[in-house]
Amino acid sequence: MSMNSPHMMLRRQTSSVRSGGDAPDVKIDRPTISRIFRFAARQKGKLIGFLVLSVLASVVGVVTPVLSGNVVNAITAGGPLSTIGWLAAAIAGLAIAEAVITIANRWLSSRVGEGLIYDLRTAVYDHVQTMPIAFFNRTRTGALVSRLNTDVIGAQRAFSNTLSGVVSNIVSLALTVGVMVTISWQVTLLSILLLPIFLIPARSLGGKLAKLQYEAADHNAAMSTRMTERFSAGGATLVRLFGDPAHESAEFAVRAERVRDIGVRVAMLQATFVTALTLVSALALALVYGLGGWQAVAGTLDAGQVVTLAMLLTRLYGPLTMLANARMDIMSAVVSFKRVFEVLDLVALIREADDPTPLPDGTLSVAFRDVRFAYPSATEVSLTSLEEVSTLDERGGTEVLHGIDVEIPAGRTIALVGSSGAGKSTLASLVPRLYDVTHGAVELGGIDVRQLSFRDLQRAVGMVTQDGHLFHESIRENLLIAKPGASEEDLRDAVHRARLDGVLANLPDGLDTVIGERGYRLSGGERQRLTIARLLLASPPIVILDEATSALDSTNEAAIQMALGEAMEGRTALVIAHRLSTIKAADEILVVEGGEIIERGDHAALLTRDGRYAELYRTQFRQDS
Ligand SMILES: Nc1ncnc2c1ncn2[C@@H]1O[C@H](COP(=O)(O)OP(=O)(O)O)[C@@H](O)[C@H]1O
Ligand SMILES: [Mg+2]
């Protein structure tokens with residue numbers, strides 16, 4: 001019974017509206033539907049059980065009014081008492097059966113629903129992990145996270161409520177109308193004719209409601225994006241330094257105000273809807289008693305049948321309204337599914353070789369063979385909806401590296417120098433396959449990086465960048481990422497070699513101190529040393545240092561240089577540097593400008609040449625010599 005009450009139904013209908021994004025305007029296409037069912041097929045057994053029980057519940061719901069009518073007739077006929085007793089017992093039995101079915105059904109539907117959430121979530125999470133770095137560079141994290149939360153839950157809710165609701169409501173409606181028609185087609189017809197008076201405005205009401213809720217969801221999403229952005233340490237600092245708090249508040253307030261107004265309007269529309277539904281049912285009830293009563297007096301019906309009709313009537317309008325709005329519910333369900341599928345359909349640009357070549361042990365050479373590279377364009381790696389822009393940035397695709405040929409023999413160090421934007425970091429990022437070359441190849445120990453397993457590649461290459469990321473976790477956890485099984489001694493040793501003992505001694509919980517988001521509570525230099533400690537711990541045969549010492553002051557630098565020298569000892573190293581000490585220590589120096597190597601040689605030879613390197617030396621390197 002409760003499943004069809006107007007309040008329940010309305011809540012269900014409105015809550016299935018997905019938050020965020022635009023109102024559903026997609027077509028319900030066959031491939032999507034069959035894909036949804038394929039996903040749901042994993043829950044097949046439970047799903048069938050659920051549908052069977054739903055039908056059973058509908059049958060029980062129709063039998064009770066019929067039995068009640070029989071009781072009335074038995075009463076009018078003056079007995080026998082035993083009949084009344086049996087009927088009452090049957091009604092009681094059905095009530096108990098209905099209670100049991102309700103509980104069992106709830107169990108099944110929640111198992112199906114939660115199972116679906118689980119399947120979708122893990123599928124999306126696993127898939128997003130395989131996405132290339134280019135994808136994460138473009139995507140708004142918030143938008144991505146909402147796919148995992150809002151849309152997955154929207155899809156599940158729609159599935160376990162709407163789809164099953166449609167089935168059980170159709171069954172329930174068919175049974176109810178069927179029984180009513182056999183009792184009195186005239187009363188049934190009139191009751192149904194009354195319906196459009198209510199149904200037509202109800203549909204437009206539903207549309208309006210959905211629109212408002214989409215709008216509110218958009219505002220809510222915008223507010224929370226804003227809050228995460230402004231209330232991060234970096235954002236708050238920016239506003240404190242340059243922003244206008246009054247203006248910030250005003251912008252926020254405008255949205256909050258709209259959400260408030262929408263809230264009131266939604267409440268009123270819902271109240272109108274429920275009241276109208278109650279009113280129509282009440283009017284129909286009057287009609288049943290009037291017309292049915294008249295037929296009963298005329299002798300075509302008996303009193304019991306009038307009671308049965310009246311009771312059945314209460315079961316008529318709920319399912320009808322639900323079905324009238326089902327299209328919209330199914331729409332929003334399909335939209336949720338589509339948004340999830342959209343993410344699952346993104347093709348991972350960087351794929352692991354099917355039959356990877358094993359990497360030899362020991363030191364490895366690194367070679368760039370006629371490497372050309374263009375950053376992938378947005379259309380290749382991203383989705384409009386995840387970037388929260390209306391059209392994808394079509395740029396990208398312009399070549400950044402134009403034919404780079406470099407060979408770093410095993411165990412040697414090469415330094416890259418050049419102006420900012422020359423392409424140094426881009427070149428470095430090709431080694432661990434953060435990106436794949438557009439043309440040519442990058443080889444480790446003579447093997448194309450694309451032929452290696454991800455695991456081997458990860459073990460072979462260690463990279464420290466200028467803005468090495470730290471998770472909001474303890475120092476220990478941040479270090480263990482590089483080497484999950486590391487012993488306490490390994491950790492201490494890495495920390496020591498990164499010259500972090502002093503820092504660690506001053507932290508409240510030592511290695512177990514949680515460092516703030518992006519390591520905020522550490523200074524830039526300390527953060528960088530921690531990322532160096534991570535590299536020392538991993539101790540890969542190939543190390544890439546991309547301005548890894550940029551945030552260190554001279555005292556720190558001297559110490560860390562020694563540590564880095566130690567880390568580079570016996571390893572192949574690609575170092576992007578702007579400190580003379582590092583550059584001089586390299587076996588060869590490459591000058592990169594405009595995506596090409598324009599000069600190469602050792603320090604002395606390059607100075608003699610008096611070209612770009614000599615110029616960089618005079619303007620940048622010399623002061624810290
Ligand atoms: N993620 C990216 N997407 C598109 N273009 C990029 C990206 N990163 C860098 N670039 C461009 O590639 C060129 C080389 O950049 P980069 O390798 O970072 O230079 P460097 O490290 O030498 O300062 C620049 O023109 C820069 O604008
Ligand atoms: Mg760079």
Side-chain angles (χ1 to χ4, degrees), residues 131-141 144 346 348-350 366 368 371-384 386-387 389 391-406 408 414-440 442 449 461-469 524 527-528 531-532 535 543-552 564 573-579 582-583 586 588-600 606 611-613 615-617 619-621:
M131 285 290 109
I133 298 302
F135 168 81
F136 295 99
N137 276 342
R138 306 211 62 107
T139 304
R140 291 278 293 252
T141 313
L144 193 57
L346 283 169
L349 278 184
I350 302 203
V366 176
F368 295 88
V371 166
R372 294 176 176 276
F373 177 73
Y375 278 97
S377 64
T379 34
E380 284 176 88
V381 290
S382 183
L383 280 175
T384 323
L386 286 177
E387 291 191 28
V389 292
T391 50
L392 285 178
D393 184 359
E394 291 291 339
R395 284 174 305 158
T398 50
E399 206 175 80
V400 186
L401 299 175
H402 322 285
I404 303 276
D405 265 300
V406 177
I408 316 175
I414 278 203
L416 291 180
V417 299
S419 346
S420 156
K424 305 181 296 293
S425 299
T426 305
L427 189 65
S429 67
L430 300 177
V431 182
R433 280 190 87 189
L434 297 186
Y435 296 91
D436 269 347
V437 296
T438 320
H439 173 270
V442 178
V449 284
V461 184
M463 188 160 175
V464 173
T465 57
Q466 212 166 345
D467 53 353
H469 190 78
R527 242 173 54 192
Q528 219 165 38
T531 60
I532 291 170
L535 178 86
V543 296
I544 297 171
L545 308 172
D546 188 352
E547 315 208 344
T549 55
S550 62
L552 302 177
L564 281 176
L574 182 65
V575 184
I576 299 169
H578 51 192
R579 304 264 178 169
T582 324
I583 298 166
E588 191 181 15
I589 301 164
L590 304 180
V591 183
V592 183
E593 286 303 344
E596 283 171 291
I597 294 169
I598 56 163
E599 289 172 21
R600 62 203 303 170
L606 286 173
R612 178 74 182 127
Y613 181 79
E615 191 186 333
L616 283 168
Y617 172 71
T619 55
Q620 290 183 22
F621 310 145

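One-based numbering, in listed order, for ligands and for the atoms of each. Residues: numbered from 1 along the sequence shown.
- Using a 4.0 Å cut-off to heavy atoms of S420, the atoms of ligand 1 that qualify are 23 (O).
- Ranked by closest heavy atom to atom 23 (O) of ligand 1, the top entry among A422, A374, G595, G421 is G421.
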TODO: May I have the step-by-step check of side chain to side chain contact (heavy atoms under 4.5 Å, CB included) for L430 and L401, ending in yes or no?
DONE: CA-CA 11 Å; L430 300 177; L401 299 175; 3.8 Å; yes
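- R372 has a carboxylate O that lies under 4.0 Å from a charged side-chain N of E399, or vice versa, which qualifies the two as a salt bridge.
- Here Y435 has side-chain heavy atoms under 4.0 Å from ligand 1, and that is the only part of it that gets that close.
- The closest approach between any non-hydrogen atom of G423 and ligand 1 is below 4.0 Å.
- Between the side chain of E593 and the main chain of I598, no donor-acceptor pair closer than 3.5 Å is present.
- Counting only distance, with no hydrogens or angles, the side chain of K424 and the backbone of G418 share a donor-acceptor pair below 3.5 Å.
- Between the OG1 atom in T426 and the CD1 atom in I404 there is a gap of 10.0 Å [rounded to 0.5 Å].
- For the ring-ring contact (aromatic ring centres under 6.0 Å, His included) test, residues two or more places apart in sequence or in another chain that qualify with F373 are Y375, Y435.
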Open item on the list: Pair T531, R527 - check side chain to side chain contact (heavy atoms under 4.5 Å, CB included), show working.
Closed with: CA-CA 6 Å; T531 60; R527 242 173 54 192; 5.9 Å; no
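- Each of the following atoms of ligand 1 lies closer than 4.0 Å to a heavy atom of T426: 14 (C), 15 (O), 16 (P), 17 (O).
- Proximity to S425 (heavy-atom distance under 4.0 Å) selects the following atoms of ligand 1: 17 (O), 18 (O), 20 (P), 21 (O).
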- [ ] Mind running side chain to side chain contact (heavy atoms under 4.5 Å, CB included) on I597 and F368 for me, showing each step along the way?
- [x] CA-CA 12 Å; I597 294 169; F368 295 88; over 6 Å; no
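- Looking only at distances, a side-chain donor or acceptor of T438 sits under 3.5 Å from a matching main-chain atom of A374.
- No donor-acceptor pair under 3.5 Å is formed between the side chain of E599 and the backbone N or O of L606.
- Close contacts between ligand 1 and K424 involve ligand atoms 17 (O), 19 (O), 20 (P), 21 (O), 22 (O), 23 (O) [criterion: under 4.0 Å to a heavy atom].
- Around the Mg ion (ligand 2), the protein atoms of type N, O or S that sit closer than 2.8 Å are S425 OG.
- For ligand 1, the atoms lying closer than 4.0 Å to a non-hydrogen atom of V400 are 12 (O), 13 (C), 14 (C).
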